[in-house]
Every structure is written in structure tokens, then in C-alpha cells.
Amino acid sequence: MASYRIRQYRDQDYDAVRTLFTRGILEHASAGYRHVLRSARAQLGLLVLFAAVRTVVGYWVLGLGAVALALVAIWLLVRSFSTSYVRQALSTDLCDIPTSYLRAPDSCFWVAEAGGAVVGMVAVAPPQDPAERGMALELKRMSVSRDYRGQGISKALCGEVLRFARARGYGAVVLSTSMVQVAAQRLYEGQGFRKVGAFSPSLLGTLLCFQIFQYRCDLPGCTTAP
């Protein structure tokens, strides 16, 4: 097991953090694609498409061709869903990390370093949900390099966020993660988080049967921060 340390973000980590985040998000595109294809809506749509083309043109080969084109189109939609999310993050909070997380109140950004390289990251900030502001902090941008998973880094990063929130008197930590990030869900649930909601992030997400899960971890003994 490789040794690592958790430390606060530095300016020289900028490119490594953005690359780590991008890779971490895009690697879930294939899981999202499989999820879509397993849905009854997608399977029925492909079946109807095959039957319609075969009926109109009279050749089952062309029906299969239409299905193949539809599968490619679905993959491109799923991929675009992930890339759009990455572009949005890179152009907002991950564009100026010190301003977003190190100079803002009740915010912070940590990286996990191993062998002189950034192999993990996590941030904390006031939640976007106005109803949670002043009561909870939000865990954001959690990602660990594929080569360093299974070594406790994610758990350690999550622990930093929980300690940070507890030290500031917050009563809970909240987060959001996609339905296809099963390993992340297990990690959070193992750290005391419970699922409290789910929503589709966009019309495209609804069409793709894609949901975001909301989690919350209550911190015993803490009072609501002023």
C-alpha cells in the first residue's frame, strides 16, 4: 500500500486537480450508458425502432442498422451529459480554486498526495440549497485516481470534511452523487451518510433515466453554526 498525505490545496496543484476531476467524471460515462440501456424505456424504444424500420423497408438487417445508429446516438448523449458537467465545473469553482474554497468562509480544498503527485481531492463549502445554509456544509468534488483506490484515501478525504464541519459547529454535511457511482455511495454510507432525496438534473437527464442522489450525515453533538 502506497503512503499518502492529506494537505490543503496549493497553486501548483491546479492542473493536476482539474485533470483528476475530469478523468474521474468521464470514467462514469460507460456506467451511465449501461444504466440507460438497462432501462425499460430504452429497451422498448429500441424494439419499436427495429420493428418500425423492418416493417417499412421490409429488411431486418436495416432494422438492426437503425438500432445500431440509435445505440451510437445514446452513447453520444450520455457522453455529452458528462462532458457538459465537466465544462461547467472547470469554468466555475475549479477555474479559481483559491477564491472558491480557500478565501471563502467555511470552505476548504484538500488534496491527497502520494509519491509527489496529486492522487485525490475533495472540497467543502456552504451548500447551494438555501434551506441548508447555516445548518450544514457540502462535500464537493471528491475524486481519487483509479490507481490509488482501495487504500483508504477516499475515507480519509471524507473524514477531513466531517472534521472541518464539526470544528465549525455545523450539524451536518450534505453531498450529491450520481446514481451510477455505486462505489461512492457505499463509501458515503459507510461514513454515516444516509440518502435523503433524488432528482433528475435536467430534461436530458430525465430522458436518460438519470438521477442524482442526495446524502446527509448528521454530526452528533454539534449545534447549528451562527
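Residues: numbered from 1 along the sequence shown.
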(message) With heavy-atom distances below 4.5 Å as the criterion, would you say the side chains of V124 and L139 are in contact?
(response) no
(message) Any side-chain to backbone donor/acceptor pair from S39 onto V36? Under 3.5 Å, distance only.
(response) yes
(request) Find the distance between CD (Q128) and CZ (R133) and round it off to the nearest 0.5 Å. (result) 8.0 Å
(message) Working to the nearest 0.5 angstrom, can you tell me the gap between Q214 CD and R194 CZ?
(response) 12.0 Å
(request) Report the distance from atom OG of S82 to atom CG of L77, rounding to the nearest 0.5 Å. (result) 11.0 Å
(request) Treating Ile, Leu, Val, Met, Phe, Trp and Tyr as nodes and any side-chain heavy-atom pair under 4.5 angstrom as an edge, say whether M179 and I25 lie in one connected cluster. (result) no
(request) Would you check if T22 and L90 make a side-chain contact, meaning some heavy-atom pair closer than 4.5 Å? (result) yes
(message) Side chains of R79 and L26, heavy atoms from C-beta outward: is any pair under 4.5 Å?
(response) yes
(message) For L46 versus V67, what's the shortest heavy-atom pair and its separation?
(response) O-CG2, 3.7 Å
(request) Kindly give the heavy-atom pair with the smallest separation between S107 and P126, and that separation in Å. (result) OG-CD, 3.3 Å
(message) Donor-acceptor pair, distance only, cut-off 3.5 Å: does the side chain of Y33 make one with the backbone of L71?
(response) yes
(request) Indicate whether the side chain of R87 and that of S84 have a donor and an acceptor atom separated by less than 3.5 Å. (result) yes
(request) Kindly give the heavy-atom pair with the smallest separation between V78 and A29, and that separation in Å. (result) CG1-O, 3.4 Å
(message) Measuring from atom CD of E189 to atom NZ of K195, what distance do you get when rounded to the nearest 0.5 angstrom?
(response) 6.5 Å
(request) Determine the minimum heavy-atom distance between L49 and A70, stating which atoms define it. (result) CD2-CB, 3.6 Å
(request) Ignoring hydrogens and angles, tell me if any N or O in the side chain of Q43 forms a donor-acceptor pair with the backbone of L37 under 3.5 Å. (result) yes
(request) Please round to the nearest 0.5 Å and tell me the distance separating atom CG of D93 and atom NZ of K140. (result) 4.5 Å
Acceptor/donor pairs from residues 108-115 side chains to any protein atom, 3.5 angstrom cut, sequence neighbours excluded:
from: E113; atom 1: OE1; to: R5; atom 2: NE; distance (Å): 2.8
from: E113; atom 1: OE1; to: R5; atom 2: NH2; distance (Å): 2.9
from: E113; atom 1: OE2; to: R7; atom 2: NH2; distance (Å): 3.3

(request) For the residue pair F213 and V196, establish whether any side-chain heavy-atom pair is separated by less than 4.5 Å. (result) no
(request) Indicate yes or no: at least one non-hydrogen side-chain atom of Y188 is less than 4.5 angstrom from one of T177. (result) yes
(message) If hydrophobic clusters are built by linking Ile, Leu, Val, Met, Phe, Trp and Tyr wherever their side-chain heavy atoms come under 4.5 Å apart, do M142 and L102 end up in the same one?
(response) no
(request) Take R216 and E132 through the side chain to side chain contact (heavy atoms under 4.5 Å, CB included) test and state the conclusion after the steps. (result) CA-CA 11 Å; R216 180 184 181 93; E132 291 284 11; 2.6 Å; yes
Between side-chain atoms of residues 154-164 and protein atoms elsewhere (two or more places apart, or another chain), which donor-acceptor pairs fall under 3.5 Å?
from: E160; atom 1: OE2; to: R163; atom 2: NH2; distance (Å): 3.3

(request) Could you tell me the separation between the OG atom of S100 and the CZ atom of R141, rounded to the nearest 0.5 Å? (result) 9.0 Å
(message) Given 3.5 Å as the limit, does a donor-acceptor pair link the side chain of T19 with the main chain of A16, or not?
(response) no
(message) Could you check whether R149 pairs with E27 (Lys NZ or Arg NE/NH1/NH2 to Asp/Glu carboxylate O, under 4.0 Å)?
(response) yes
(message) Does either side chain, that of Y14 or that of R18, offer a donor lying less than 3.5 Å from an acceptor on the other one?
(response) yes
(request) Indicate the atoms forming the closest heavy-atom contact of V180 with Q185, along with that distance. (result) N-NE2, 4.3 Å
(message) Show the nearest heavy-atom pair for residues F50 and G63, with the distance to one decimal.
(response) CD1-C, 3.4 Å
(message) Quick one, I153 and V119 - any side-chain contact, counting heavy atoms below 4.5 Å?
(response) yes
